[in-house]
Amino acid sequence: METTKTHTVHGGTLRYLKHDSAVTGTPMTLSVFVPGGEGPFPVLIWLSGLTCTEDNFTTKAGAYAAAAEHGVIIVAPDTSPRGEGVADDPAYDLGQGAGFYVDASQKPWAPHFQMESYVTGELIDLIDAEFPTTKARSIFGHSMGGHGALTLALRHPELFQSVSAFAPISSPTRCPWGEKAFTAYLGEDRAEWAKHDAALLIEGGAAHGVYDDILVDQGDADSFLVEQLKPELLIAAGKASGQKVTVRMQPGYDHSYFFMASFIADHVAFHAARLKG
């Protein structure tokens, strides 16, 4: 990986990197924070939401003080492949910046939009090869990235010690964002969609007994709460399956990074306890 920028922050090192991905067939970008000290350190992977790049979390979330305190690496990849020759859509909720962390099977998306394989395979391998990791890792994210964190953790429980989310798309098979993206990327077969729906996966017992708790924070002033996010479906799925899902409704908070910055330290501590426990 090529380092494009380096900053010192909270006694650690923040690097912006890029590499040529064999999985997406495009250059991919990411940021990596490594705390001070020799390590090795466990890893937290952050997945961002619609329209975001790796820079949104890196500059806005305020996560690195907590990461330095708890001694964890934080990795923030871009949300999709990008560049000339990569399929796109004029709308913000499909195409570049809106990969939904699935492996697309439909044209014109399939050649490059392989974000599930990228995050759970190539990205993890690169981080473990390039940085002083313990090879223990957890995952969290926001909105579309909250959907990604939940579904990737539920679909690949052998890879992650814990999972949490901010304002996730809880059930993409039952909201406009998800229905649009899944039709484009996965086709018309709703049985395929269900494999990437966090609420349905939890209801079906996916990874039951692997995660002692799934932490979700949701602002009650979020403009997307009712139509797109639907955290009540996660709560119902947890009750139906016996999986503990802690959904904290935070009064007055919206969908912005001000919300995440307010509770990011809680999430880093949540994961650090499980990564080191």
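From a predicted model like this one, the values you see are computed outputs, not experimental measurements. The figures here come from the full heavy-atom set of this structure, side chains too, leaving out hydrogens, waters and symmetry mates.
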Lys230 (side chain) donor-acceptor with Arg174 (main chain) under 3.5 angstrom: yes
Residues that Tyr101 engages under ring pair (Phe, Tyr, Trp, His ring centres under 6.0 Å), provided they are two or more places apart: none
Modelled atom types, side-chain donor and acceptor of Asp197 and Thr173, under 3.5 Å: yes
Donor-acceptor pair, side chain of Ser241 and main chain of Glu203, under 3.5 angstrom: no
Joint cluster assignment, Met1 & Leu14, ILVMFWY side-chain distance < 4.5 Å: no
Lys18 atom NZ, over 12 foreign heavy atoms within 6.0 Å: no
Any Thr24 side-chain heavy atom under 4.5 Å of Glu122 side chain: no
Pairing residues for Ser262 by the side-chain contact (heavy atoms from CB on, under 4.5 Å) criterion, not counting sequence neighbours: Tyr253
His267: partners by ring pair (Phe, Tyr, Trp, His ring centres under 6.0 Å), with sequence neighbours left out: Phe166
Leu94 to Ala98 - nearest heavy-atom pair and separation: N-CB, 3.5 Å
Pair Glu54-Thr29, side-chain donor/acceptor within less than 3.5 Å: yes
Polar side-chain atom of Ser170 near backbone of Leu229 as donor-acceptor pair, under 3.5 Å: yes
Polar side-chain atom of Asn56 near backbone of Thr53 as donor-acceptor pair, under 3.5 Å: yes
Residue pairs, two or more places apart or on separate chains, that pass ring pair (Phe, Tyr, Trp, His ring centres under 6.0 Å) and touch residues 194-214: none
Side-chain (Gln218) to main-chain (Gln250) donor-acceptor, under 3.5 angstrom: no
Expected output: side-chain Arg137 to main-chain Ile45 donor-acceptor under 3.5 Å: no
Enclosure of Tyr92 OH (heavy-atom neighbours >12, cutoff 6.0 Å): yes
Min side-chain heavy-atom separation Tyr16-Thr58 under 4.5 Å: yes
Hydrophobic cluster membership, Val86 vs Leu50, 4.5 Å side-chain cutoff: yes
Separation between NZ of Lys5 and CG of Asp55, rounded to the nearest 0.5 Å: 5.5 Å
Closest heavy-atom pair and its distance - Ile139, Ala153: CG2-CB, 3.9 Å
Under 3.5 Å donor-acceptor, Asp220 side chain and Met249 backbone: no
Phe182 and Trp193 aromatic ring geometry - parallel, tilted or perpendicular at 30°/60° bounds: perpendicular
Counterpart residues, ring pair (Phe, Tyr, Trp, His ring centres under 6.0 Å), relative to His271 (two or more places apart): Phe140
Val216 side chain near Arg248 side chain, heavy-atom distance below 4.5 Å: no
Minimum-distance pair of heavy atoms, taken over all atoms of Ala206 and Leu154: O-CD2, 3.6 Å
Single-linkage hydrophobic cluster Leu30~Phe113, side-chain heavy atoms < 4.5 angstrom: yes
Asp88 side-chain N/O to Gln96 backbone N/O, donor-acceptor pair under 3.5 Å: yes
Contacts of type ring pair (Phe, Tyr, Trp, His ring centres under 6.0 Å), residue Phe131, not counting sequence neighbours: none
Inter-residue atom distance His142.NE2 - Thr79.OG1, 0.5 Å rounding: 12.5 Å
Heavy-atom closest pair, residues Leu123 and Val119: CB-O, 3.8 Å
Donor-acceptor contact below 3.5 Å, side chain His147 vs main chain Phe100: yes
Parallel, tilted or perpendicular: ring planes of Trp109 versus Tyr185, cut at 30 and 60 degrees: perpendicular
From Leu234, Val245, Leu201, residue fulfilling side-chain contact (heavy atoms from CB on, under 4.5 Å) relative to Leu150: Leu234
side-chain contact (heavy atoms from CB on, under 4.5 Å) between Trp177 and Glu227, intermediate numbers included: CA-CA 9 Å; Trp177 278 340; Glu227 184 179 26; over 6 Å; no
Spatial distance of atom CG (Asp128) from atom OG1 (Thr133) [nearest 0.5 Å]: 3.5 Å
Shared hydrophobic cluster for Tyr118 and Ile124 (ILVMFWY, side-chain gaps under 4.5 Å): yes
Hphob cluster co-occupancy, Met260 + Tyr64, side-chain heavy atoms under 4.5 angstrom: yes
Distance-only donor-acceptor check, side chains Asp254 and Ser256, under 3.5 Å: yes
Gln243 side-chain N/O to Lys239 backbone N/O, donor-acceptor pair under 3.5 Å: no
Student check: side-chain heavy atoms of Ile264 and Trp46 closer than 4.5 Å: yes
Student check: side-chain heavy atoms of Phe57 and Cys52 closer than 4.5 Å: no
Pairwise side-chain contact, Met115 with Pro81, heavy-atom cut-off 4.5 Å (strictly under): yes
Pairwise side-chain contact, Val32 with Glu130, heavy-atom cut-off 4.5 Å (strictly under): no
Side-chain heavy atoms of Arg15 within contact of Val34, under 4.5 Å: no
Value rounded to 0.5 Å, distance of CG in Leu47 from CG in Asp78: 11.0 Å
Heavy-atom closest pair, residues Pro42 and Thr134: CA-OG1, 3.4 Å
